[in-house]
Amino acid sequence: MASHVIPTIDLCPFITATDYPKSHVNKSSISVSKEVVKNEISKACREYGFFQVVNHGIPVELLKNSLELAKTFYGYPDEEKMKRGPGAPPQGGFKKNPEHLPDRNEFMYIFEPGSPKNVIPQNPPLFKGVLEDIFPRYRNLASLLEGIMNECLELPPNFLKEYNDSRSYDHLLSLHYLPASDFENSGKVEHEDGNILTFVLQDDVGGLEVLHNGEWIPVPPAPGTLVVNIGDTLQVLTNNRFKSATHRVVRQKGKTRNSYAFFYVLDVEKWVEPLPHFTTDIGEPPQYRGFYFKDFVQGRVHDRLNPPARLEDRFCIKHYAISTSG
């Protein structure tokens, strides 16, 4: 049994100060100060790279509906799921992993409402409306957390917002995991996210696990709770102050799993390197070489489609790490 538990943090003090309707906040929540919440987030980002949030401002019923509609969609035959419509772009829509990949899931990319890249299914009938409603809510929450993390890191006001100033690459991923077989149970092999931060919404099946000090810690689902994890980009910018944790999804026998992952993503043309606030300004050496984010993304995509025989040979942020030996 895991000896650690991923922290759960109440965002109520920040949510009530935003434009989110107060009716979406659990009034029975124990009142805490913004400073307490900031300290909890900072500690979670430094120690785990993962935490969960409640009272985050996104209506719990909307989250529940999105999972139920996804479950209905993935229950359709492949011919229905793969309908794209005339002239539909190749970027969005339903996809299945090739057989040679270790991950046993199917998925659908969703971009911001109105994006020409979108291929949102017409069935079930309410699915499109729910996805278009929830997308900007995830984005608003990501912006809020980005601002809180900016304060946690004692960066100049709005520094991360101005650096991460393009929202063109944000996307939502709907995932459907098949039941485990007698021979393997990998839903998503161990990996780190390459972006700024990610939200994960799980159904009640579970299966998400985080690696912490050599131990796999399960992240049990709870209604209305969102998982937050730090991406490689933020780890590099902070020169390892904030952690991008390794995580995976383990499938269960006899059960399918549905989840969503919202990715808050940097512009691919951005140059990424440890910020001077965490290097030259305080006399510490950088832990990474600088790189264009698009090169990092391309390496990860190639690696995912052509997985190496050994897990330790996979392309990851360690490719840019500066060796301290010798």
Side-chain angles (χ1 to χ4, degrees), residues 2 4-15 32-57 138-164 170 190-201 208-219 225-248 261-266 272-279 281-282 284 286-288 316-318 320-321:
H4 292 271
V5 177
I6 298 300
T8 297
I9 299 173
D10 188 339
L11 292 182
C12 187
F14 287 94
I15 296 302
V32 293
S33 70
K34 287 186 177 181
E35 200 62 33
V36 168
V37 174
K38 280 167 50 180
N39 289 338
E40 290 177 343
I41 289 176
S42 181
K43 182 178 181 182
C45 291
R46 292 171 186 269
E47 294 185 4
Y48 292 94
F50 260 75
F51 56 97
Q52 298 187 90
V53 290
V54 295
N55 291 327
H56 41 65
Y138 279 124
R139 178 179 279 173
N140 290 342
L141 181 57
S143 178
L144 172 66
L145 280 172
E146 181 181 59
I148 296 173
M149 291 174 185
N150 194 94
E151 293 185 36
C152 292
L153 292 164
E154 299 183 336
L155 289 167
N158 294 321
F159 182 93
L160 288 177
K161 180 179 180 180
E162 292 169 4
Y163 174 76
N164 181 28
D170 296 344
E190 61 181 74
H191 66 286
E192 302 79 41
D193 290 351
N195 54 323
I196 295 288
L197 61 87
T198 304
F199 297 132
V200 175
L201 173 66
L208 177 62
E209 297 181 349
V210 181
L211 187 62
H212 178 69
N213 294 336
E215 177 184 19
W216 286 106
I217 306 172
V219 185
T225 298
L226 291 173
V227 181
V228 184
N229 67 277
I230 302 303
D232 291 335
T233 304
L234 196 51
Q235 176 171 298
V236 171
L237 292 174
T238 64
N239 207 32
N240 287 340
R241 294 296 190 282
F242 281 6
K243 308 299 183 185
S244 176
T246 303
H247 53 288
R248 67 185 183 186
F262 178 82
F263 297 93
Y264 198 59
V265 186
L266 193 67
V272 182
E273 65 181 350
L275 297 172
H277 309 76
F278 309 108
T279 55
D281 289 359
I282 58 174
E284 291 191 7
Q287 301 297 312
Y288 301 93
C316 61
I317 202 61
K318 292 179 182 178
Y320 298 101

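Computation of the quantities below employed the complete heavy-atom set of this structure, encompassing side-chain atoms and omitting hydrogens, waters and symmetry-equivalent molecules.
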*Is the closest side-chain heavy-atom distance between N195 and L266 below 4.5 Å?*
no
_Between L275 and L155, does the side-chain contact (heavy atoms from CB on, under 4.5 Å) criterion hold? Intermediate values first, please._
CA-CA 10 Å; L275 297 172; L155 289 167; 4.2 Å; yes
*Given side chains that start at C-beta, do those of P274 and V236 come closer than 4.5 Å, heavy atoms only?*
yes
*Do H247 and V219 have side-chain heavy atoms sitting under 4.5 Å apart?*
no
_Nearest 0.5 angstrom please: L11 CG to L141 CG, how far?_
6.5 Å
*For residues P218 and E209, report the shortest heavy-atom separation together with the two atoms involved.*
CA-CG, 4.1 Å
*Does H212 reach the main-chain N or O of E47 with its side chain, forming a donor-acceptor pair under 3.5 Å?*
yes
*Could you check if a side-chain atom of V272 sits within less than 4.5 angstrom of a side-chain atom of Y288, using non-hydrogen atoms only?*
no
*asked:* Between T233 (side chain only) and G194 (backbone N and O only), is there a donor and an acceptor less than 3.5 Å apart?
replied: yes
*Rounded to the nearest 0.5 Å, how far does CD1 of I196 lie from CG of D232?*
10.5 Å
*What pair of heavy atoms forms the shortest contact from L153 to L160, and how long is it?*
CD1-CD1, 4.4 Å
*Separation of Y264 OH from D193 CG (nearest 0.5 Å)*: 15.5 Å
_Euclidean distance, I9 CD1 relative to N55 CG, rounded to 0.5 Å_ = 12.5 Å
*asked:* Can you tell me how far apart OH (Y320) and CD (E273) are? Round to the nearest 0.5 Å.
replied: 13.0 Å
*What are the two closest heavy atoms between A245 and L211, and how far apart are they?*
CB-O, 4.5 Å
*Is F278 close to E284 at the side-chain level, that is, under 4.5 Å between some pair of heavy atoms?*
no
*Do the non-hydrogen side-chain atoms of I217 and F50 ever get within less than 4.5 Å of each other?*
no
*Under the side-chain contact (heavy atoms from CB on, under 4.5 Å) criterion, do N150 and K161 qualify, and how do the steps go?*
CA-CA 8 Å; N150 194 94; K161 180 179 180 180; over 6 Å; no
*When you check the side-chain N and O atoms of E192 and T246, is any donor under 3.5 Å from an acceptor?*
yes
*Charged N-O contact under 4.0 Å between R241 and E154*: no
*Can H277 and F159 be said to form a ring pair (Phe, Tyr, Trp, His ring centres under 6.0 Å), step by step?*
CA-CA 11 Å; H277 309 76; F159 182 93; 5.0 Å; yes
*Looking only at heavy atoms, what is the nearest atom pair of P286 and T279, with distance?*
CA-CG2, 3.8 Å
*C152: partners by side-chain contact (heavy atoms from CB on, under 4.5 Å), with sequence neighbours left out*: K38, I41, S42, I148, F242
*Search all heavy atoms of E146 against all heavy atoms of N164 and return the closest pair with its distance.*
OE2-ND2, 2.9 Å
_Side-chain heavy atoms of L201 within contact of Y138, under 4.5 Å_ = yes
_side-chain contact (heavy atoms from CB on, under 4.5 Å) assessment of M149 paired with L234_ = CA-CA 10 Å; M149 291 174 185; L234 196 51; 3.9 Å; yes
*First locate atom CG of N229, then atom CG of L226, and finally report the distance between them rounded to the nearest 0.5 Å.*
11.5 Å
*Side-chain heavy-atom pair F51, K43 within 4.5 angstrom cut-off*: no
*Shortest non-hydrogen separation from Q52 to T225 and the atoms involved*: OE1-CG2, 3.4 Å
